[in-house]
*Asks:* 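There's a structure below that I have some questions on.
So you know, we letter chains A, B, ... as the sequences are listed, proteins then strands, and number each from 1. Everything numeric in this text was worked out from a predicted model, so none of it was measured.
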There are 2 protein chains.
Amino acid sequence: MDIIKELGPLAIASRMKRLAELVFKQAINVYRVHGIDFEPKWFPLFYLLSQKESIGVMEASEYLNISHPAVIQFVKELEKKGWVMSEKSPEDARKRILKLTEKGWAFLPQLQEIWDNIKTVNQQLISKEAHDLMRSVEAFEQYFLKDGFYIDYYQKYIDEKSK
Amino acid sequence: MDIIKELGPLAIASRMKRLAELVFKQAINVYRVHGIDFEPKWFPLFYLLSQKESIGVMEASEYLNISHPAVIQFVKELEKKGWVMSEKSPEDARKRILKLTEKGWAFLPQLQEIWDNIKTVNQQLISKEAHDLMRSVEAFEQYFLKDGFYIDYYQKYIDEKSK
DNA sequence: CATTTTTATGTAATCAGTTACGTAACCAGT
DNA sequence: ACTGGTTACGTAACTGATTACATAAAAATG
(Lines give C-alpha, C1' and ligand atoms only; values in the text may rest on other atoms or scores of the structure.)
Protein backbone atom coordinates (compact mmCIF):
# COMPACT_ATOMS: atom_id res chain seq x y z
CA MET A 1 0.00 0.00 0.00
CA ASP A 2 3.03 2.25 0.01
CA ILE A 3 3.59 4.04 -3.23
CA ILE A 4 6.96 5.22 -1.99
CA LYS A 5 8.19 1.69 -2.46
CA GLU A 6 7.42 1.81 -6.15
CA LEU A 7 9.34 4.98 -6.76
CA GLY A 8 12.79 3.56 -6.23
CA PRO A 9 15.73 5.86 -5.66
CA LEU A 10 13.57 8.90 -6.28
CA ALA A 11 12.23 8.68 -2.77
CA ILE A 12 15.33 7.46 -1.02
CA ALA A 13 15.58 10.50 1.19
CA SER A 14 12.04 10.34 2.52
CA ARG A 15 12.53 6.71 3.29
CA MET A 16 15.74 7.27 5.16
CA LYS A 17 14.21 10.06 7.15
CA ARG A 18 11.25 7.93 8.08
CA LEU A 19 13.58 5.08 8.89
CA ALA A 20 15.72 7.31 11.07
CA GLU A 21 12.67 8.38 13.02
CA LEU A 22 11.65 4.78 13.48
CA VAL A 23 15.10 3.87 14.72
CA PHE A 24 15.00 6.72 17.21
CA LYS A 25 11.63 5.65 18.50
CA GLN A 26 12.84 2.11 18.98
CA ALA A 27 15.95 3.35 20.75
CA ILE A 28 13.84 5.06 23.38
CA ASN A 29 12.35 1.65 24.11
CA VAL A 30 15.79 0.17 24.62
CA TYR A 31 16.53 2.62 27.40
CA ARG A 32 13.06 2.05 28.80
CA VAL A 33 13.67 -1.68 28.94
CA HIS A 34 16.60 -0.94 31.21
CA GLY A 35 14.40 1.33 33.30
CA ILE A 36 16.48 4.32 32.35
CA ASP A 37 15.12 7.72 31.44
CA PHE A 38 17.56 8.61 28.69
CA GLU A 39 16.78 9.91 25.22
CA PRO A 40 18.69 8.90 22.10
CA LYS A 41 19.14 12.47 21.00
CA TRP A 42 21.35 13.07 24.03
CA PHE A 43 23.72 10.28 23.16
CA PRO A 44 26.20 12.12 20.95
CA LEU A 45 26.71 14.97 23.38
CA PHE A 46 26.83 12.77 26.46
CA TYR A 47 29.29 10.46 24.78
CA LEU A 48 31.40 13.37 23.63
CA LEU A 49 31.57 14.78 27.15
CA SER A 50 32.62 11.40 28.49
CA GLN A 51 35.51 11.35 26.00
CA LYS A 52 36.57 14.99 26.10
CA GLU A 53 35.98 15.72 29.77
CA SER A 54 35.29 19.38 29.03
CA ILE A 55 34.39 21.27 25.89
CA GLY A 56 32.82 24.53 24.74
CA VAL A 57 29.43 24.86 23.08
CA MET A 58 30.75 25.67 19.61
CA GLU A 59 33.39 22.98 19.82
CA ALA A 60 30.73 20.42 20.67
CA SER A 61 28.52 21.60 17.85
CA GLU A 62 31.40 21.16 15.39
CA TYR A 63 32.36 17.73 16.67
CA LEU A 64 28.80 16.51 16.50
CA ASN A 65 27.86 18.31 13.32
CA ILE A 66 24.76 19.77 14.84
CA SER A 67 23.83 23.42 15.21
CA HIS A 68 24.96 25.20 18.35
CA PRO A 69 21.38 25.99 19.42
CA ALA A 70 20.82 22.25 19.43
CA VAL A 71 23.78 21.82 21.78
CA ILE A 72 22.43 24.53 24.07
CA GLN A 73 19.07 22.76 24.05
CA PHE A 74 20.53 19.38 24.95
CA VAL A 75 22.73 20.91 27.65
CA LYS A 76 19.67 22.52 29.17
CA GLU A 77 17.91 19.18 29.29
CA LEU A 78 20.92 17.27 30.60
CA GLU A 79 21.52 19.94 33.24
CA LYS A 80 17.95 19.49 34.39
CA LYS A 81 18.67 15.78 34.72
CA GLY A 82 21.73 16.64 36.80
CA TRP A 83 24.15 14.84 34.48
CA VAL A 84 25.82 17.88 32.97
CA MET A 85 27.08 21.19 34.32
CA SER A 86 28.73 24.24 32.83
CA GLU A 87 30.95 27.09 33.94
CA LYS A 88 32.43 30.22 32.43
CA SER A 89 35.86 29.74 30.94
CA PRO A 90 38.52 31.54 32.99
CA GLU A 91 40.59 32.40 29.92
CA ASP A 92 37.80 33.41 27.57
CA ALA A 93 34.77 35.13 29.02
CA ARG A 94 32.68 34.35 25.97
CA LYS A 95 33.11 30.64 26.40
CA ARG A 96 31.07 28.27 28.49
CA ILE A 97 32.72 25.03 29.46
CA LEU A 98 30.53 21.93 29.50
CA LYS A 99 31.29 18.84 31.55
CA LEU A 100 29.65 15.86 33.16
CA THR A 101 28.69 16.13 36.81
CA GLU A 102 29.63 13.54 39.43
CA LYS A 103 26.17 12.09 38.87
CA GLY A 104 26.84 12.05 35.14
CA TRP A 105 30.05 10.09 35.56
CA ALA A 106 28.32 7.67 37.92
CA PHE A 107 25.63 7.11 35.30
CA LEU A 108 28.09 6.49 32.49
CA PRO A 109 28.85 2.77 33.07
CA GLN A 110 25.16 1.88 32.84
CA LEU A 111 24.85 3.79 29.59
CA GLN A 112 28.05 2.32 28.26
CA GLU A 113 26.70 -1.18 28.67
CA ILE A 114 23.49 -0.31 26.88
CA TRP A 115 25.40 1.36 24.08
CA ASP A 116 27.55 -1.74 23.69
CA ASN A 117 24.43 -3.84 23.44
CA ILE A 118 22.87 -1.57 20.88
CA LYS A 119 26.08 -1.57 18.91
CA THR A 120 26.24 -5.33 18.81
CA VAL A 121 22.60 -5.69 17.83
CA ASN A 122 23.00 -3.10 15.12
CA GLN A 123 26.06 -4.84 13.76
CA GLN A 124 24.20 -8.13 13.64
CA LEU A 125 21.29 -6.57 11.80
CA ILE A 126 23.56 -4.74 9.42
CA SER A 127 25.96 -7.52 8.55
CA LYS A 128 23.02 -9.80 7.89
CA GLU A 129 21.61 -7.41 5.31
CA ALA A 130 24.56 -5.42 4.08
CA HIS A 131 24.18 -5.99 0.38
CA ASP A 132 23.45 -2.65 -1.04
CA LEU A 133 21.96 0.58 0.17
CA MET A 134 18.41 0.17 -1.03
CA ARG A 135 18.02 -3.39 0.05
CA SER A 136 19.47 -2.58 3.43
CA VAL A 137 17.20 0.35 3.92
CA GLU A 138 14.27 -1.79 2.91
CA ALA A 139 15.31 -4.49 5.31
CA PHE A 140 15.65 -1.98 8.10
CA GLU A 141 12.19 -0.73 7.30
CA GLN A 142 10.91 -4.25 7.73
CA TYR A 143 12.56 -4.47 11.12
CA PHE A 144 11.39 -1.14 12.35
CA LEU A 145 7.93 -0.93 10.84
CA LYS A 146 6.89 -4.10 12.57
CA ASP A 147 6.21 -2.54 15.92
CA GLY A 148 8.23 -4.18 18.61
CA PHE A 149 10.42 -6.25 16.34
CA TYR A 150 13.57 -4.44 17.23
CA ILE A 151 12.91 -4.47 20.91
CA ASP A 152 12.03 -8.19 20.84
CA TYR A 153 15.20 -8.97 18.96
CA TYR A 154 17.14 -6.87 21.38
CA GLN A 155 15.53 -8.56 24.36
CA LYS A 156 16.35 -11.96 22.96
CA TYR A 157 19.95 -10.90 22.58
CA ILE A 158 20.11 -9.75 26.20
CA ASP A 159 18.56 -12.99 27.41
CA GLU A 160 20.97 -15.08 25.35
CA LYS A 161 23.87 -13.09 26.67
CA SER A 162 22.93 -13.41 30.32
CA LYS A 163 22.88 -17.22 30.16
CA MET B 1 36.15 16.44 13.12
CA ASP B 2 32.97 14.41 13.33
CA ILE B 3 32.81 12.10 16.30
CA ILE B 4 29.70 10.54 14.82
CA LYS B 5 31.96 8.90 12.28
CA GLU B 6 33.87 7.09 14.99
CA LEU B 7 30.78 5.63 16.56
CA GLY B 8 29.86 3.26 13.77
CA PRO B 9 26.42 1.73 13.64
CA LEU B 10 25.51 3.26 16.98
CA ALA B 11 24.77 6.54 15.28
CA ILE B 12 23.34 5.22 12.06
CA ALA B 13 20.00 6.87 12.60
CA SER B 14 21.31 10.37 13.21
CA ARG B 15 23.43 10.07 10.13
CA MET B 16 20.59 8.96 7.94
CA LYS B 17 18.36 11.69 9.21
CA ARG B 18 20.99 14.31 8.55
CA LEU B 19 21.65 12.78 5.18
CA ALA B 20 17.98 12.84 4.32
CA GLU B 21 17.81 16.51 5.18
CA LEU B 22 20.83 17.20 3.03
CA VAL B 23 19.32 15.33 0.12
CA PHE B 24 16.13 17.33 0.47
CA LYS B 25 18.00 20.59 0.50
CA GLN B 26 19.92 19.63 -2.59
CA ALA B 27 16.73 18.59 -4.30
CA ILE B 28 15.31 22.08 -3.90
CA ASN B 29 18.29 23.28 -5.92
CA VAL B 30 17.50 20.86 -8.70
CA TYR B 31 14.08 22.42 -9.18
CA ARG B 32 15.62 25.85 -8.87
CA VAL B 33 18.09 25.06 -11.66
CA HIS B 34 15.08 24.45 -13.87
CA GLY B 35 13.57 27.71 -12.73
CA ILE B 36 10.69 25.89 -11.10
CA ASP B 37 9.18 26.69 -7.74
CA PHE B 38 8.48 23.19 -6.53
CA GLU B 39 9.39 21.65 -3.18
CA PRO B 40 10.56 18.07 -2.76
CA LYS B 41 8.12 17.42 0.05
CA TRP B 42 5.27 17.83 -2.42
CA PHE B 43 6.57 15.15 -4.74
CA PRO B 44 4.91 12.08 -3.26
CA LEU B 45 1.45 13.62 -3.14
CA PHE B 46 1.72 15.27 -6.54
CA TYR B 47 2.97 12.07 -8.08
CA LEU B 48 0.23 10.08 -6.42
CA LEU B 49 -2.44 12.43 -7.77
CA SER B 50 -0.98 12.10 -11.24
CA GLN B 51 -1.30 8.32 -11.00
CA LYS B 52 -4.62 8.01 -9.19
CA GLU B 53 -6.46 10.95 -10.73
CA SER B 54 -8.56 11.43 -7.61
CA ILE B 55 -8.19 10.26 -4.05
CA GLY B 56 -9.37 11.07 -0.52
CA VAL B 57 -7.24 12.57 2.22
CA MET B 58 -7.02 9.40 4.31
CA GLU B 59 -6.38 7.25 1.28
CA ALA B 60 -3.50 9.49 0.27
CA SER B 61 -2.08 9.43 3.77
CA GLU B 62 -2.13 5.63 3.75
CA TYR B 63 -0.57 5.35 0.31
CA LEU B 64 2.19 7.76 1.20
CA ASN B 65 2.68 6.57 4.75
CA ILE B 66 2.44 10.06 6.13
CA SER B 67 -0.03 11.42 8.66
CA HIS B 68 -3.28 12.84 7.34
CA PRO B 69 -2.56 16.30 8.77
CA ALA B 70 0.55 16.29 6.61
CA VAL B 71 -1.58 15.56 3.56
CA ILE B 72 -3.93 18.40 4.46
CA GLN B 73 -0.94 20.68 4.83
CA PHE B 74 0.51 19.78 1.44
CA VAL B 75 -2.87 20.07 -0.23
CA LYS B 76 -3.26 23.55 1.22
CA GLU B 77 0.10 24.55 -0.24
CA LEU B 78 -0.53 22.93 -3.60
CA GLU B 79 -3.97 24.52 -3.80
CA LYS B 80 -2.35 27.89 -3.23
CA LYS B 81 -0.06 27.14 -6.15
CA GLY B 82 -3.09 26.30 -8.24
CA TRP B 83 -1.96 22.77 -9.04
CA VAL B 84 -4.45 20.88 -6.87
CA MET B 85 -8.14 21.23 -6.13
CA SER B 86 -10.61 19.38 -3.95
CA GLU B 87 -14.34 18.80 -3.79
CA LYS B 88 -16.77 17.08 -1.48
CA SER B 89 -17.45 13.48 -2.39
CA PRO B 90 -21.02 13.04 -3.67
CA GLU B 91 -21.35 9.57 -2.12
CA ASP B 92 -19.74 10.26 1.22
CA ALA B 93 -20.14 13.68 2.77
CA ARG B 94 -17.21 13.10 5.12
CA LYS B 95 -14.81 12.65 2.26
CA ARG B 96 -12.93 15.28 0.32
CA ILE B 97 -11.74 14.29 -3.11
CA LEU B 98 -8.33 15.58 -4.17
CA LYS B 99 -7.26 15.99 -7.76
CA LEU B 100 -4.89 17.90 -9.98
CA THR B 101 -6.19 21.03 -11.66
CA GLU B 102 -5.84 21.73 -15.35
CA LYS B 103 -2.79 23.78 -14.43
CA GLY B 104 -1.46 20.86 -12.43
CA TRP B 105 -1.78 18.49 -15.38
CA ALA B 106 -0.11 21.03 -17.63
CA PHE B 107 2.76 21.28 -15.18
CA LEU B 108 3.24 17.55 -14.92
CA PRO B 109 5.41 16.91 -18.02
CA GLN B 110 7.99 19.43 -16.82
CA LEU B 111 8.12 17.76 -13.42
CA GLN B 112 8.22 14.33 -14.96
CA GLU B 113 11.34 15.20 -16.88
CA ILE B 114 13.05 16.54 -13.79
CA TRP B 115 12.07 13.46 -11.81
CA ASP B 116 13.51 11.25 -14.52
CA ASN B 117 16.75 13.20 -14.34
CA ILE B 118 16.92 12.94 -10.58
CA LYS B 119 16.18 9.27 -10.81
CA THR B 120 19.01 8.65 -13.25
CA VAL B 121 21.48 10.69 -11.24
CA ASN B 122 20.51 8.87 -8.07
CA GLN B 123 20.90 5.54 -9.74
CA GLN B 124 24.35 6.48 -10.97
CA LEU B 125 25.41 7.60 -7.51
CA ILE B 126 23.93 4.55 -5.90
CA SER B 127 25.21 1.87 -8.25
CA LYS B 128 28.66 3.37 -8.03
CA GLU B 129 28.72 3.04 -4.25
CA ALA B 130 26.29 0.30 -3.43
CA HIS B 131 28.53 -1.96 -1.39
CA ASP B 132 26.98 -1.97 1.99
CA LEU B 133 24.77 0.28 3.97
CA MET B 134 27.31 2.13 6.03
CA ARG B 135 29.74 2.72 3.22
CA SER B 136 26.94 3.92 0.99
CA VAL B 137 25.62 6.28 3.59
CA GLU B 138 29.12 7.57 4.15
CA ALA B 139 29.60 8.07 0.45
CA PHE B 140 26.32 9.90 0.21
CA GLU B 141 27.41 12.11 3.05
CA GLN B 142 30.52 12.96 1.10
CA TYR B 143 28.41 13.90 -1.87
CA PHE B 144 25.92 15.95 0.01
CA LEU B 145 28.07 17.57 2.66
CA LYS B 146 30.30 19.11 0.05
CA ASP B 147 28.04 22.02 -0.73
CA GLY B 148 27.17 22.14 -4.37
CA PHE B 149 28.62 18.77 -5.27
CA TYR B 150 25.29 17.22 -6.06
CA ILE B 151 24.07 20.15 -8.07
CA ASP B 152 27.34 20.30 -10.02
CA TYR B 153 27.15 16.62 -10.77
CA TYR B 154 23.55 17.00 -11.80
CA GLN B 155 24.34 19.97 -14.00
CA LYS B 156 27.12 18.05 -15.70
CA TYR B 157 24.69 15.23 -16.39
CA ILE B 158 22.18 17.63 -17.94
CA ASP B 159 24.87 19.21 -20.07
CA GLU B 160 26.16 15.83 -21.22
CA LYS B 161 22.66 14.76 -22.08
CA SER B 162 21.81 17.83 -24.13
CA LYS B 163 24.81 17.37 -26.41
C1' DC C 1 45.36 52.33 21.48
C1' DA C 2 40.85 52.93 18.70
C1' DT C 3 38.44 50.49 15.34
C1' DT C 4 37.02 46.80 12.80
C1' DT C 5 36.28 41.98 12.34
C1' DT C 6 35.56 37.58 14.04
C1' DT C 7 34.10 34.27 17.45
C1' DA C 8 31.08 32.23 21.22
C1' DT C 9 26.93 32.23 22.90
C1' DG C 10 21.99 33.00 23.45
C1' DT C 11 17.15 33.82 21.85
C1' DA C 12 13.44 33.86 18.60
C1' DA C 13 11.18 32.52 14.66
C1' DT C 14 10.57 28.94 11.47
C1' DC C 15 10.07 24.21 9.44
C1' DA C 16 8.50 19.65 8.49
C1' DG C 17 6.33 16.86 10.26
C1' DT C 18 3.94 14.31 14.34
C1' DT C 19 0.36 13.05 18.08
C1' DA C 20 -3.84 14.32 20.47
C1' DC C 21 -8.22 15.77 20.26
C1' DG C 22 -12.79 17.22 18.41
C1' DT C 23 -16.71 16.84 15.18
C1' DA C 24 -19.60 15.29 11.68
C1' DA C 25 -21.08 11.49 8.79
C1' DC C 26 -21.63 6.74 7.96
C1' DC C 27 -22.85 1.95 9.33
C1' DA C 28 -24.39 -2.14 12.01
C1' DG C 29 -27.44 -4.17 15.11
C1' DT C 30 -31.49 -3.77 17.35
C1' DA D 1 -35.59 4.88 13.10
C1' DC D 2 -32.10 4.94 17.45
C1' DT D 3 -27.75 4.09 19.40
C1' DG D 4 -22.92 2.90 19.65
C1' DG D 5 -18.96 2.39 17.28
C1' DT D 6 -15.92 3.61 13.40
C1' DT D 7 -14.20 6.55 9.73
C1' DA D 8 -12.81 11.03 7.48
C1' DC D 9 -11.38 15.18 8.17
C1' DG D 10 -9.81 19.38 10.55
C1' DT D 11 -7.34 22.11 14.11
C1' DA D 12 -4.12 22.69 17.73
C1' DA D 13 -0.29 21.78 20.30
C1' DC D 14 4.09 19.65 20.41
C1' DT D 15 8.89 17.90 18.78
C1' DG D 16 13.36 18.14 17.17
C1' DA D 17 15.68 20.29 14.90
C1' DT D 18 17.12 24.44 11.82
C1' DT D 19 18.22 29.43 10.20
C1' DA D 20 18.30 34.29 11.36
C1' DC D 21 19.33 37.67 14.40
C1' DA D 22 21.47 40.01 18.60
C1' DT D 23 25.21 40.77 21.88
C1' DA D 24 29.41 40.67 24.12
C1' DA D 25 34.26 39.36 24.31
C1' DA D 26 38.51 38.59 21.87
C1' DA D 27 41.67 39.29 18.11
C1' DA D 28 43.55 41.71 14.39
C1' DT D 29 44.63 45.89 12.08
C1' DG D 30 46.15 50.50 11.28
*Asks:* Can you tell me how far P of C/dA8 sits from CD1 of A/Ile55, to the nearest Å?
*Replies:*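 Rounded to whole Å, this separation is 12 Å.
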*Asks:* Which is more 5' along DNA chain D, the nucleotide nearest B/Asp92 or the one nearest A/Ser67? Just name the residue.
*Replies:*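 Between the two, 5'-proximity favours B/Asp92.
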*Asks:* Inspect the contact between A/Glu59 and A/Arg96 and indicate whether a charged nitrogen and a carboxylate oxygen are less than 4.0 angstrom apart.
*Replies:*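 Not counted as a salt bridge, because no side-chain N and carboxylate O are separated by less than 4.0 Å.
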*Asks:* Are any of the side-chain heavy atoms of B/Ile97 and B/Lys88 separated by less than 4.5 Å?
*Replies:*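 Side-chain contact under 4.5 Å: no.
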*Asks:* Return the nearest nucleotide to the side chain of A/Met58; candidates are C/dA8, D/dG10, C/dT18.
*Replies:*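 Nearest listed nucleotide: C/dA8.
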*Asks:* Figure out the CG/P separation between B/Leu64 and C/dA16, and round it to whole Å.
*Replies:*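 My rounded result for the distance is 17 Å.
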*Asks:* Does the side chain of B/Val71 come within less than 4.5 Å of B/Leu98's, by heavy atoms?
*Replies:*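 Yes, close enough: below the 4.5 Å cut-off.
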*Asks:* Does any donor-acceptor pair link the side chain of A/Arg94 with the base of C/dT7 at a separation under 3.5 Å?
*Replies:*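 In this structure, the two groups form a donor-acceptor pair.
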*Asks:* At under 4.0 Å between heavy atoms, what does B/Lys88 touch on the DNA or RNA strands: base, sugar-phosphate, or nothing?
*Replies:*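 Here B/Lys88 touches no strand at all.
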*Asks:* What is the separation between atom CZ on A/Phe43 and atom C1' on D/dG16, rounded to the nearest whole Å?
*Replies:*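 About 18 Å, once rounded to whole Å.
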*Asks:* B/Arg96 CZ to D/dC9 C1': how many Å, rounded?
*Replies:*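 Atom-to-atom, B/Arg96 to D/dC9, this comes out as 8 Å.
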*Asks:* Specify the separation, in whole Å, of atom CG of A/Asn65 and atom P of D/dA17.
*Replies:*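 For the pair A/Asn65 CG and D/dA17 P, the rounded distance is 14 Å.
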*Asks:* On DNA chain C, does the nearest nucleotide to B/Glu77 precede the nearest nucleotide to B/Pro69 from the 5' side, or the other way round? Give the residue.
*Replies:*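 Of the two residues, B/Glu77 wins.
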*Asks:* Starting from B/Phe74, can I reach B/Met85 by hopping between I/L/V/M/F/W/Y residues whose side chains sit under 4.5 Å apart?
*Replies:*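 Looking at the clustering, B/Phe74 is in a separate group from B/Met85.
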*Asks:* In whole angstrom, give the distance that lies between atom CD of A/Gln73 and atom P of C/dA13.
*Replies:*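 My rounded result for the distance is 16 Å.
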*Asks:* Name the residue closer to the 5' end of DNA chain D, choosing between A/Phe74 and B/Glu59 according to the nucleotide with the nearest heavy atom.
*Replies:*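 Residue closer to the 5' terminus by nearest nucleotide: B/Glu59.
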*Asks:* Strictly under 6.0 Å, is that where the ring centroids of A/Phe38 and A/Phe46 end up?
*Replies:*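 For A/Phe38 and A/Phe46, the ring centres are under 6.0 Å apart.
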*Asks:* Could you give the angle between the helix axes at the two ends of the helix from C/dC1-D/dG30 to C/dT30-D/dA1, with five pairs per end, rounded to 10 degrees?
*Replies:*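 Comparing the first five pairs with the last five, the axes sit 10° apart.
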*Asks:* Could you grab the distance from atom NZ of A/Lys99 to atom CD1 of A/Ile55, nearest 0.5 Å is fine?
*Replies:*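 If we round to the nearest 0.5 Å, A/Lys99:NZ and A/Ile55:CD1 are 12.5 Å apart.
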*Asks:* Select base, sugar-phosphate, or nothing to describe what A/Glu91 touches, counting heavy atoms under 4.0 Å on all strands.
*Replies:*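 Sugar-phosphate contact only - A/Glu91 comes under 4.0 Å of backbone atoms but never of a base.
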*Asks:* Between B/Glu62 and B/Lys52, does any side-chain N to carboxylate O distance fall below 4.0 Å?
*Replies:*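 Here B/Glu62 does not pair with B/Lys52 in a salt bridge, since their nearest N and O are not under 4.0 Å apart.
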*Asks:* For the pair made of CH2 in B/Trp42 and P in C/dC15, what is the distance, rounded to whole Å?
*Replies:*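 After rounding, the gap between these two atoms is 12 Å.
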*Asks:* Rounding to a whole Å, what distance do you find between A/Lys95:NZ and D/dA26:C1'?
*Replies:*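 In whole Å, D/dA26 C1' lies 12 Å from A/Lys95 NZ.
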*Asks:* Would you indicate which nucleotide in D/dG10, D/dT11, C/dT11 comes nearest to any side-chain atom of A/Lys76?
*Replies:*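 So the nucleotide nearest the side chain must be C/dT11.
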